[in-house]
Amino acid sequence: MFHSEPITGRATVKLLSDAHARLVESAIHSAQAAGELPPFDIPPVEIRPPKRSDQGDYAAAVALQLAKPAGINPFDIANIITRHLPPADFVGAVEVVKPGFINFRLDETWLKTQVEQIIAEGDSLFQLNLGAGKRAQVEFVSANPTGPLHVGRSRGAMVGDTMARLLEAAGYAVEREYYFNNAGKQMVDLGNSLRIRYLEALGQPVEIPEQDFYQGEYLKDFARDLVAEKGDSLVGADWKPFKEYAERRMFDVIRATLKRVNIEHDIFFNENSLYESGAVWHTLDNLRERGHVYQAIRPENVANDQPDEDEAGKGEAVWFRSTAFGDEKDRVLVKSDGSPTYTLPDIAYHVDKINRGFDLLINVLGADHGAQHRVVKYGIQALGLDASKIHVILIQLVRMIRDGKEVRMSTRRGDYDTLDDLIDQTSADVVRYMLLARSPDSHLNFDLDLAVKQSNENPVYYIQNAHVRCAGIFREAEARGLTDNGADVNLLGADELRFIRKAMELGEVIALSAQTFEPHRIAFYAGELASLFHPIYDNVRALHGDVPPDVAKARLRFYRAAQVVFKRVLTLMGMSAPERM
RNA sequence: GCGCCCAUAGCUCAGUGGAUAGAGCAUCGGUCUUCGGAACCGGCGGUCGGGGGUUCGAAUCCCUCUGGGCGCGCCA
């Protein structure tokens, strides 16, 4: 039996779409109870702000959906629902329109009270409890320490960190994790590359290899420092001490770079620890016990009358029968030489994550890893664990555009555009925004020329300027000895309320982003908010013209609230909220 | 060949099966010179890649074709 609870505004209503939906559900139930609507299962009621403002602040299309199951025309259904709507202080006018839309208008008096509410919530504005008591982990960046972060990786960094911030706002306890491998051939190459640079720095004749050599300038810097520290004591050493030194320095560089864009990971997880703990082989044993593994020269389910050329000389490998879970082919877990492929420790890693008790695991990966993560999920399923906790945000690749042409990147060749370079040329805020403000599914053309421009073509400044303007008003107000203390928000006008309406959608943006794993939404919302703000700033003067003192005070109060909203939104994007520009 | 992603204004891109598809830039014209103009207002600009289908309703879901990106290792 549906129990309708009184719905009140004030401090409690943070998700207005949801609140309206509950009103409608309640109305349908009571209409059914009264016999005005026939019994039927109520579909999920979805309510959201319509595109056009003359269609209300929140609109419901349920009546259209219900026409068939109810056997009544949608316009009548809408009217019946409207009659049974329970009272709520945030609801103003309710209108039923043509085919059967129910358009809600927010109550203006209630809306005005939200100005004070926004100011009271401050930095925790629209802090939700959707994830209350739940732990989420976001794994992102996860670049091996072979070089500085380049721009391609950076997109995942911004998306991952913003996702983490939004999950925090939704109420989750969030951990940020960086997974890395320091044991592979890449790292041997890195050690050898530094060894050569070291010898070079000592003035010894060296030959720069054509292959397997990292050419970046940073290794020359490391080499100089290493000479200063150790002199020529490492001349006879192999790659190992160089690899260790390079790794440590590289992580310092990477961490410092991430710090510049307000990203700090809680945990750096070394793949190697999975070997040290035995987790890798334990995972394999578990898979074997469950019968998902077999030993063979080639996968068992391919036609074997024609052996592959490259199978020649290879012994038996250990295969994971991933086809049983929908994979297109089985995967090798252990090579014939006895060493594991990347897949096995990756599965072990995710087992480890799940065992750490997270309710939600988010992986931010580049599109080039799209196939790999599926194999991991199959592995998790094979082990009888809940793979549905794992959600992958697959990021399409970034193309750097300069002078209208694509700029190719390669970490190994050394002619990449590093994230540090990019920040130097623009700013941390510009980089964060431009890499965030795109759907992950969409390829991102990063226009270097535009990013460098500090003009109105650049949306970042437009948004931040809204915050700057609010701060400016209060600097001016202070200089004139004015305050917003004791303001009467009832004196606010329609322009200001239009902004407050939009501000009240922030909760939905946070909730939706967290539920759909689409952090880019906040970036577009920020732009919309700013484009509502600037005209108001121009038209609604607080300190200028013949504005009555009490009205001026109320407007100051409004700008106080606007500043809170912009600061919150900018912070959610990991950007600064400057007071001046 | 197979799998995943993409195709929306001149450009870069939003768009949770709903009402007349939006924004920024570019372009053309206007406001205005300040509570910091990195601003405001208006105009121009679209057969949502083509074709079928599902639905009361499709840019959105399904099929297909075309054109792009990525992936299809006993690499990581």
Side-chain angles (χ1 to χ4, degrees), chain A residues 17 46 48 50-52 54-55 59-61 64-65 67-68 73-74 97-101 103 144 181 183-186 271 297-298 310-311 314-319 327-329 331-337 339-343 345-346 366-372 374 394-397 399 401 404 437-445 447 450 453-466 468-477 479-480 482 508 512 515-516 518 520-521 523-524 527-528 531 534-545 552 555-556 559 580-581:
Chain A
S17 292
E46 288 190 9
R48 56 170 170 271
K51 291 173 194 164
R52 299 165 53 89
D54 60 304
Q55 292 165 351
L64 302 174
Q65 290 172 259
K68 188 178 274 184
N73 82 66
V97 186
K98 305 182 278 187
F101 292 101
N103 295 341
N144 289 338
N181 171 307
K185 178 180 182 308
Q186 287 181 343
E271 179 188 329
I297 291 177
R298 68 181 72 94
D310 52 281
E311 272 176 12
K314 281 180 183 160
E316 291 192 327
V318 178
W319 297 78
D327 205 353
E328 45 194 36
K329 61 173 98 167
R331 309 286 170 173
V332 171
L333 295 178
V334 184
K335 297 180 244 178
S336 55
D337 68 3
S339 62
T341 61
Y342 179 78
T343 304
D346 212 12
D368 49 344
H369 291 73
Q372 176 65 23
R374 248 170 291 163
L394 213 56
I395 307 271
Q396 297 301 312
L397 301 186
R399 253 193 304 266
I401 307 290
R438 198 121 326 171
S439 160
D441 283 340
S442 191
H443 294 265
L444 192 155
N445 290 326
D447 187 335
L450 173 62
K453 268 186 219 168
Q454 303 204 1
S455 74
N456 58 354
E457 290 171 54
N458 196 325
V460 178
Y461 298 104
Y462 186 75
I463 295 164
Q464 287 184 318
N465 191 33
V468 168
R469 286 180 138 183
C470 291
I473 290 176
F474 285 100
R475 276 197 301 276
E476 179 65 20
R480 300 188 191 190
L482 299 172
E508 333 269 3
L512 195 59
Q515 282 156 6
T516 60
E518 294 177 329
H520 70 284
R521 290 173 181 279
F524 288 95
E528 290 167 17
S531 72
H534 287 298
I536 296 172
Y537 176 90
D538 269 18
N539 293 326
V540 184
R541 304 297 175 112
L543 306 175
H544 202 253
R555 289 177 176 178
L556 276 176
Y559 286 113
R580 305 167 188 271
M581 286 201 292

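As a basis for the values below, the full set of heavy atoms in this structure was taken, side chains included, without hydrogen atoms, waters or symmetry mates. First the proteins, then the strands, lettered A, B, ... as listed; each starts at 1.
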Colleague: If you check the Pro535(A) side chain, which of A38(B), C40(B), A19(B) turns out closest?
Modeller: C40(B)

Colleague: Partner lookup for U20(B), please. Criteria are Watson-Crick or G-U wobble with both distances under 3.5 angstrom; report none if nothing qualifies.
Modeller: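 Its partner: none found.
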
Colleague: Tell me whether the side-chain N or O atoms of Asp368(A) pair up with the base of A76(B) as donor and acceptor below 3.5 Å, since no angle test is needed here.
Modeller: no

Colleague: Write down the distance separating the P atoms in C2(B) and C65(B), rounded off to the nearest Å.
Modeller: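 Per the computed distance, 9 Å lies between those P atoms.
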
Colleague: Using a 4.0 Å heavy-atom cut-off across all strands, classify Asp327(A) as base, sugar-phosphate, or nothing.
Modeller: nothing

Colleague: Using the P atom on both, measure C75(B) against C63(B) and round to a whole Å.
Modeller: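 Per the computed distance, 35 Å lies between those P atoms.
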
Colleague: Mind checking the CZ-OG1 spacing from Arg331(A) to Thr343(A)? Nearest 0.5 Å is all I need.
Modeller: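 With rounding to 0.5 Å, CZ (Arg331(A)) is 7.5 Å from OG1 (Thr343(A)).
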
Colleague: For His520(A) and G15(B), is the shortest distance between a side-chain N/O and OP1 or OP2 below 4.0 Å?
Modeller: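 Yes, within the criterion.
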
Colleague: Taking only the side-chain nitrogens and oxygens of Tyr461(A), find out if one of them lies under 4.0 Å from OP1 or OP2 of C25(B).
Modeller: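 Checking C25(B) against Tyr461(A), no side-chain N or O comes under 4.0 Å of OP1 or OP2.
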
Colleague: For Gln186(A) and C75(B), give me the distance from atom CD to atom C1', rounded to whole Å.
Modeller: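 Answer to the nearest Å: 9 Å.
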
Colleague: Less than 4.0 angstrom between a side-chain N/O of Lys335(A) and OP1 or OP2 of A76(B), yes or no?
Modeller: yes

Colleague: When rounded to the nearest Å, what value does the distance between P atoms of A7(B) and U60(B) take?
Modeller: 11 Å

Colleague: Take atom P in G50(B) and the same atom in A21(B), then report the distance between them in whole Å.
Modeller: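 These two P atoms come out 16 Å apart once rounded.
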
Colleague: Measuring only the C1' atom in each nucleotide, how far is G57(B) from G42(B)? A whole number of Å is fine.
Modeller: 34 Å

Colleague: Look up atom CZ in Phe474(A) and atom CZ in Arg469(A), then write down how far apart they are to the nearest 0.5 Å.
Modeller: 15.0 Å

Colleague: Check the angle between the aromatic planes of Tyr559(A) and Tyr537(A) and answer parallel, tilted or perpendicular using the 30° and 60° thresholds.
Modeller: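 Perpendicular: the ring planes of Tyr559(A) and Tyr537(A) meet at over 60°.
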
Colleague: Select base, sugar-phosphate, or nothing to describe what Ser339(A) touches, counting heavy atoms under 4.0 Å on all strands.
Modeller: nothing

Colleague: Measure from CG on Asn465(A) to P on G24(B) and round the result to the nearest Å.
Modeller: 16 Å

Colleague: Hey, could you give me the CG/CG distance between Leu333(A) and Asp346(A), rounded to the nearest 0.5 Å?
Modeller: 11.0 Å

Colleague: Checking all strands, does Leu333(A) fall into the base, sugar-phosphate, or nothing category for heavy-atom contacts under 4.0 angstrom?
Modeller: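 Nothing: the residue Leu333(A), judged by heavy atoms under 4.0 Å, touches no strand.
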
Colleague: Do side-chain atoms of Asn465(A) reach the backbone of Tyr461(A) as a donor and acceptor pair under 3.5 angstrom?
Modeller: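 Side chain of Asn465(A) to backbone of Tyr461(A): no pair is present.
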
Colleague: G22(B) and U16(B): how far apart are their P atoms, nearest whole angstrom?
Modeller: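 After rounding to an integer number of Å, I get 15 Å for this pair.
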
Colleague: First locate atom CD of Gln372(A), then atom OG1 of Thr341(A), and finally report the distance between them rounded to the nearest 0.5 Å.
Modeller: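 Rounded to the nearest 0.5 Å, the CD-OG1 separation comes to 7.5 Å.
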
Colleague: Where the side chain of Arg480(A) meets the backbone of Leu543(A), is there a donor-acceptor pair that is under 3.5 Å apart?
Modeller: yes

Colleague: For Gln372(A), report the nucleic acid contact type (base, sugar-phosphate, nothing); a contact means any heavy atom under 4.0 Å.
Modeller: base

Colleague: Expressed as a whole number of angstroms, how long is the span from His534(A):NE2 to A39(B):C1'?
Modeller: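 These atoms are roughly 7 Å apart.
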
Colleague: If the sugar-phosphate is the primed atoms plus P, OP1 and OP2 and the base is the rest, what is the B/S/- string for nucleotides 2-12 of chain B, using protein heavy atoms under 4.0 Å?
Modeller: -SSSS-----S

Colleague: Short question: side chain of Glu508(A), backbone of Ser17(A) - any donor-acceptor pair under 3.5 Å?
Modeller: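 Pair found, side chain donor or acceptor close to backbone of Ser17(A).
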
Colleague: For Asp337(A) and Lys335(A), run salt bridge (Lys or Arg N to Asp or Glu O under 4.0 Å): C-alpha distance rounded to whole Å, both residues' side-chain angles, the deciding distance at 0.1 Å, then the answer.
Modeller: CA-CA 5 Å; Asp337(A) 68 3; Lys335(A) 297 180 244 178; 5.0 Å; no

Colleague: Base, sugar-phosphate, or nothing: which does Ala371(A) touch, judged by heavy atoms less than 4.0 Å apart?
Modeller: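 Sugar-phosphate, no base atom in range.
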
Colleague: Could you tell me the separation between the CD atom of Glu528(A) and the P atom of A23(B), rounded to a whole number of Å?
Modeller: 10 Å

Colleague: Would you list the protein and nucleotides 28-35 of chain B atom pairs, both N or O, that sit under 3.5 Å from each other?
Modeller:
| residue | atom | partner | partner atom | Å |
| --- | --- | --- | --- | --- |
| C35(B) | OP1 | Arg541(A) | NH1 | 3.4 |
| C35(B) | OP1 | His544(A) | ND1 | 3.2 |
| C35(B) | OP1 | His544(A) | NE2 | 2.9 |
| C35(B) | O2' | Gly472(A) | O | 3.2 |
| C35(B) | O2 | Leu543(A) | N | 2.8 |
| C35(B) | N3 | Ala542(A) | N | 3.2 |
| C35(B) | N4 | Tyr537(A) | O | 2.6 |
| C35(B) | N4 | Val540(A) | O | 2.9 |
| C35(B) | N4 | Tyr559(A) | OH | 3.3 |

Colleague: Starting at atom CD1 of Ile395(A), determine the distance to atom C1' of G71(B), rounded to an integer number of angstrom.
Modeller: 16 Å

Colleague: Map Pro50(A) and Asn181(A) onto RNA chain B by nearest heavy atom, then report which one ends up closer to the 5' terminus.
Modeller: Pro50(A)

Colleague: What contact category does Ala437(A) fall into here, base, sugar-phosphate, or nothing, at under 4.0 angstrom with non-hydrogen atoms?
Modeller: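 Ala437(A): no heavy atom of the nucleic acid under 4.0 Å.
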
Colleague: If we ignore hydrogens and angles and just use 3.5 Å, is the side chain of His534(A) paired with the main-chain N or O of Tyr462(A) as donor and acceptor?
Modeller: yes

Colleague: Can you check whether Phe101(A) stacks with the A19(B) base, using ring centres under 5.5 Å and planes within 30°?
Modeller: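 It does: the two rings, one from Phe101(A) and one from A19(B), meet the stacking criterion.
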
Colleague: Could you let me know what A14(B) is paired to, Watson-Crick or G-U wobble, both distances under 3.5 Å, or none if it's on its own?
Modeller: none

Colleague: Expressed in whole Å, how much space separates the P atoms belonging to A26(B) and A38(B)?
Modeller: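 A26(B) and A38(B) have their P atoms separated by 15 Å.
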
Colleague: Could you tell me how far apart Ile463(A) (CD1) and A23(B) (P) are, to the nearest whole angstrom?
Modeller: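 After rounding, the gap between these two atoms is 16 Å.
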
Colleague: Can any side-chain N or O of Arg555(A) pair as donor or acceptor with the backbone N or O of Arg541(A) at less than 3.5 Å?
Modeller: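 Such a contact is found between Arg555(A) side chain and Arg541(A) backbone.
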
Colleague: Taking the side chain of Gln55(A) as its heavy atoms from C-beta onward, which of A19(B), C74(B), A39(B) lies nearest to it?
Modeller: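 When the side chain of Gln55(A) is considered, A19(B) is the closest of A19(B), C74(B), A39(B).
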
Colleague: What string of B, S and - do you get for nucleotides 53-59 of chain B, 5' to 3', if B is base contact, S is sugar-phosphate-only contact and - is no contact with any protein heavy atom under 4.0 Å?
Modeller: ---B---

Colleague: When you compare A59(B) with G15(B), how far apart are their C1' atoms, in angstrom units rounded to a whole number?
Modeller: 8 Å

Colleague: So what's G42(B) paired with, Watson-Crick or G-U wobble, going by both distances under 3.5 Å?
Modeller: C28(B)

Colleague: Applying a 3.5 Å limit to both distances, which nucleotide forms a Watson-Crick or G-U wobble pair with G71(B)?
Modeller: C2(B)

Colleague: Measure CD/Glu46(A) against C1'/G18(B) and give the value in whole Å, please.
Modeller: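 In whole Å, G18(B) C1' and Glu46(A) CD are 11 Å from each other.
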
Colleague: If you check the Ala317(A) side chain, which of A19(B), C74(B), A14(B) turns out closest?
Modeller: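 Looking only at heavy atoms from C-beta outward on Ala317(A), the closest nucleotide is C74(B).
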
Colleague: Once you round it to whole Å, what is the distance between P of A39(B) and OH of Tyr462(A)?
Modeller: 7 Å

Colleague: Counting only Watson-Crick pairs (N1-N3 plus N6-O4 or O6-N4) and G-U wobbles (N1-O2, O6-N3), all under 3.5 Å, who is the partner of U47(B)?
Modeller: none

Colleague: Base, sugar-phosphate alone, or nothing: which one does Asn144(A) contact when heavy atoms must sit under 4.0 Å apart?
Modeller: sugar-phosphate

Colleague: Could you check whether Ser439(A) and Asp441(A), counting side-chain N and O atoms only, form a donor-acceptor pair closer than 3.5 Å?
Modeller: no

